[in-house]
Amino acid sequence: MASLTASHFAPRNSYVNSHGSETTENFVQIGLRSQSMTHSGLRSLNMVDKLQFKTQAFARKSVKKAYANGNDTPGKIVCLQGGMTVVFVATEVAPWSKTGGLGDVLGGLPPAMAARGHRVMTISPRFDQYKDAWDTCVVAQIPVGDRVETVRYFHCYKRGVDRVFVDHPMFLAKVWGKTGSKIYGPAAGEDFQDNQLRFSLFCLAALEAPRVLSLNSSKHFSGPYGEDVVFVANDWHTGLLPCYLKSMYQSRGIYMTAKVALCIHNIAYQGRFSFSDFPLLNLPDEYKSSFDFMDGYNKPVKGRKINWLKAGILEAHRVITVSPYYAQELVSGVEKGVELDNYLRTTGITGIVNGMDVQEWNPATDKYLSTKYEITTVLSAKPLLKEELQAEVGLPVDRDIPVIGFIGRLEEQKGSDILAAAIPMLVKNNVQIIVLGTGKKYMEKQIAELEKKYPDKVRGVAKFNVPLAHMIIAGADFMMIPSRFEPCGLIQLHAMRYGTVCIVSSTGGLVDTVKEGYTGFQMGAFNVECDVVDQVDVAAIVETARRALAVYGTAAFKEMIKNCMSQDLSWKVRTSQTLGEDSAKPKCYRQQSWNRRRGDCSTCQGECRHSLINVDNT
Ligand SMILES: Nc1ncnc2c1ncn2[C@@H]1O[C@H](COP(=O)(O)OP(=O)(O)O[C@H]2O[C@H](CO)[C@@H](O)[C@H](O)[C@H]2O)[C@@H](O)[C@H]1O
């Protein structure tokens with residue numbers, strides 16, 4: 001069976017050449033949880049506590065008090081003397097830069113951390129002239145390849161977080177914009193030739209920032225961040241960060257207490273390059289073995305390679321990922337671990353489910369919706385929003401026709417090709433299907449052809465369109481998420497918050513967050529082979545959609561809408577859930593009795609899906 005490594009994945013994280021990027025989060029969650037007043041939380045903190053958690057009791061008490069008082073903004077919160085200094089490093093930070101979920105997480109998690117009393121910075125490239133970020137006039141000289149480059153730091157302070165942007169022509173001159181695929185390459189699926197130099201420069205600039213910037217926007221903190229820092233690196237682009245920390249700083253007595261947590265948002269993108277490129281990275285030879293990698297692919301060169309993500313995994317102090325079930329999948333074997341499973345089994349990996357940004361995604365205040373709503377008004381608001389959505393995309397306007405939405409990159413991970421194969425059968429039902437996504441050209445074409453064939457039933461919008469994404473999330477009755485694999489997935493969280501019932505494949509975070517018959521419908525795990533569309537999976541989509549459509553409009557469906565909306569899916573609650581009471585419940589780490597259709601485990605009656613899977617050998 002072809003592994004997920006094959007060059008199936010598109011651009012933004014291109015694949016065997018340069019690759020995806022995303023966020024940071026789990027580690028933060030660890031930090032959050034560390035204050036969540038549970039034993040297990042503190043236990044799983046063992047890395048963090050070595051860093052800065054010197055006054056845990058005080059911190060826990062203060063946070064408890066702050067939340068008891070309803071405080072959730074940094075302006076109001078008690079300043080925690082025992083809090084951490086956390087620096088998130090990622091190529092995307094919404095709303096300034098975003099091609100997918102990485103940007104979302106970097107947008108939402110840091111403010112949640114700050115609200116807990118931590119001092120929090122994010123660092124990302126300055127891809128555009130962001131109107132709210134000012135030139136600090138601080139520059140740094142950064143060795144990159146065989147030359148030295150000057151970077152400038154731009155800054156703004158939002159929701160308690162120092163947002164820092166690294167300015168250099170390798171970012172801004174190439175991209176000029178926040179959502180284009182040009183963050184990683186000139187077009188979808190292509191990488192910039194100099195991506196290794198770009199992200200090497202970015203990692204070093206990120207390591208300099210906490211030392212050279214003196215930031216004073218916060219009421220609670222001022223001056224440089226200093227050296228007692230927890231860096232949260234995200235995905236392969238930041239895999240060099242722990243290597244540089246050790247080789248260029250700690251070897252000189254700097255950052256001696258600093259640590260790096262590496263968060264994997266998507267292991268399919270690893271940053272594999274020719275082995276002969278190693279000297280470009282300015283690392284001592286002793287690091288070669290951490291990068292050394294053999295695979296059977298010819299991209300970008302045949303044979304021996306360097307692998308940035310592998311090095312990040314081996315050199316970071318801790319490895320985390322975005323859901324417990326994905327953590328399990330990553331260590332389960334070569335297919336889902338994409339040839340890094342054996343290293344992860346050695347280092348250990350902790351999975352903590354993502355939260356979502358409940359400010360950006362709030363049906364009660366959503367600026368893209370003409371009708372705002374919450375749980376008590378959802379049943380009257382949704383039909384209106386559905387009609388608007390139908391009119392917007394040019395489908396027949398009829399509130400009684402159930403609408404299924406799909407939002408995501410059109411590529412194998414997201415299973416848009418499986419959905420396309422299922423659509424001719426799906427449209428035999430009384431249903432409309434709206435697909436919003438960009439990605440591989442042949443998949444965009446597939447959707448366009450289906451639209452031509454079924455003009456009254458199918459719409460495909462091949463654009464990155466945030467307002468329309470909000471309209472679909474609110475106006476659709478169901479959200480279809482047929483991913484071959486899904487580390488966590490944010491679409492289903494957004495959808496549930498808006499009372500839109502999800503139909504999901506049983507993988508990664510979709511297993512952890514969508515409960516069969518209660519908040520959605522599970523389709524079972526799909527074949528991860530990317531170069532085939534498995535007819536069993538097509539049938540699973542058709543059969544599950546039929547099951548969901550049969551419930552549409554019934555009292556049970558209304559109940560599901562309410563179940564979805566009554567969950568708190570924010571970062572705040574996520575963190576306390578995962579490290580809090582759920583970690584005390586019985587766990588089924590292997591989920592041997594997993595029922596792929598029902599989406600739960602008969603041994604634990606589903607409880608295992610909320611447990612913290614800590615595959616930790618350290
Ligand atoms: N055409 C379009 N127009 C407008 N908006 C669009 C869009 N296509 C996608 N989006 C938006 O981009 C985000 C995608 O979120 P996903 O969780 O699917 O992320 P992705 O796969 O990129 O991220 C990876 O990282 C995240 C974060 O850890 C994991 O949840 C996920 O499983 C992993 O694959 C959503 O906010 C969605 O609305």
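For the single chain, residues carry numbers from 1 onward in sequence order. Every number for a ligand or one of its atoms is a count from 1 in the order of the listing.
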Taking 4.0 angstrom as the limit and counting only heavy atoms of [X], give me the atoms of ligand 1 inside it, by number and element.
| X | answer |
| --- | --- |
| Ile491 | 18 (O), 35 (C), 37 (C), 38 (O) |
| Gly437 | 1 (N) |
| Val105 | 27 (C), 28 (O) |
| Asp104 | 13 (C), 35 (C), 36 (O) |
| Lys98 | 11 (C), 12 (O), 36 (O) |
| Gly489 | 17 (O), 29 (C), 30 (O), 31 (C), 32 (O) |
| Lys463 | 1 (N), 2 (C), 3 (N) |

Worksheet item: Given Gly103, Gly408, Ala94, which has its nearest heavy atom closest to atom 9 (C) of ligand 1?
Response: Gly408

Item to complete: Of the side chain and backbone of Val322, name the one, both, or neither that has a heavy atom under 4.0 Å from an atom of ligand 1.
Response: side chain

Discussion item. If we set the cut-off at 4.0 Å for heavy atoms, which region of Gln413 has an atom near ligand 1: side chain, backbone, both, or neither?
Written reply: side chain

Discussion item. Does any N or O of ligand 1 fall below 3.5 Å from an N or O anywhere on Trp361, backbone included?
Written reply: no

Worksheet item: Going by distance only, is there an N or O of Ala469 that falls short of 3.5 Å from an N or O of ligand 1?
Response: no

Worksheet item: Counting only heavy atoms not in Tyr518, do more than 12 sit closer than 6.0 Å to its OH atom?
Response: no

Strictly below 4.0 Å, N to O, side chains only: are [X] and [Y] in salt-bridge contact?
| X | Y | answer |
| --- | --- | --- |
| Lys158 | Asp132 | yes |
| Arg484 | Glu529 | no |
| Lys452 | Glu449 | no |
| Arg497 | Asp366 | no |

Fill in: Qualifying side-chain hydrogen bond (donor to acceptor under 3.5 Å, both in side chains) pairs with a residue from residues 471-482, counting only residues at least two apart or across chains
Lys386-Asp477

Discussion item. Taking a cutoff of less than 4.0 Å between a non-hydrogen atom of the residue and any ligand atom, is Gly509 in contact with ligand 1?
Written reply: no

Item to complete: Quick one: which residue pairs count as a salt bridge (charged side-chain N to carboxylate O under 4.0 Å, His left out) with a foot in residues 518-528, not counting sequence neighbours?
Response: none

